[in-house]
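I have placed the structure first, in the form of structure tokens, so that the comments after it can refer back to it.
None of the values given here were measured: they were computed from a predicted structure.
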Amino acid sequence: MPHYLISFPAEAMVLSDEELAQAAIDSNAVCQEAMDAGVWVFGGGVDESVPTVLVAGDGTVREGTHPGSRITGGLTVLDLPDRASAEEWARKIAVACRCAQEVRELM
């Protein structure tokens with residue numbers, strides 16, 4: 001089965017502290033549902049307090065990213081039979097997180 005990346009940028013989640021606390025509870029419940037369904041691969045949020053490093057093709061490491069690259073927010077990877085299933089899980093995550101989700105199929 002293909003893997004699907006369901007994600008959102010940090011700026012999409014504009015919530016009060018109270019809403020954020022409830023979104024955490026609700027999103028954890030959806031993650032547990034995915035685990036119980038056997039489709040969970042990985043999920044988490046990007047820790048923006050840790051600097052990003054770029055490892056070049058020659059192996060050198062420097063702080064930074066590719067020009068224009070910015071990955072923030074949260075992501076979930078699920079093992080699903082088709083895009084329709086991915087969209088259904090994205091709907092559940094969007095409701096729990098209270099923000100729109102992007103769906104991509106991984107190769």
Donor-acceptor contact below 3.5 Å, side chain Tyr4 vs main chain Leu80 = no
Just by distance, do the side chain of Thr72 and the backbone of Ala10 share a donor-acceptor pair under 3.5 Å?
-> yes
Greater than 12 external heavy atoms within 6.0 Å of Leu54's CG | yes
With Thr76, which of Trp89, Phe42, Trp40 fulfils side chain to side chain contact (heavy atoms under 4.5 Å, CB included)?
-> Trp40
Is the closest basic N to carboxylate O distance between Arg70 and Glu11 below 4.0 Å?
-> yes
Residue pair Pro81 / Ser85: nearest heavy atoms and the distance that separates them | CG-OG, 3.6 Å
Would you please name every residue forming a side chain to side chain donor-acceptor pair (under 3.5 Å) with Glu48, sequence neighbours left out?
-> none
With sequence neighbours excluded, give me every side-chain hydrogen bond (donor to acceptor under 3.5 Å, both in side chains) pair touching residues 60-69.
-> Asp58-Thr60
Measure across Arg104 and Ser7 and return the closest heavy-atom pair with its distance rounded to 0.1 Å.
-> NH1-OG, 3.8 Å
Closest approach of Val103 to Ile6 (non-hydrogen atoms, all atoms of both residues) | CG2-CG1, 4.4 Å
Test salt bridge (Lys or Arg N to Asp or Glu O under 4.0 Å) applied to Glu87 and Lys92, step by step = CA-CA 9 Å; Glu87 290 171 3; Lys92 292 178 184 187; over 6 Å; no
Within residues 13-31 or reaching into it, pairs that qualify as side-chain hydrogen bond (donor to acceptor under 3.5 Å, both in side chains) - sequence neighbours excluded | Ser16-Glu19, Gln22-Asp26, Asp26-Arg98
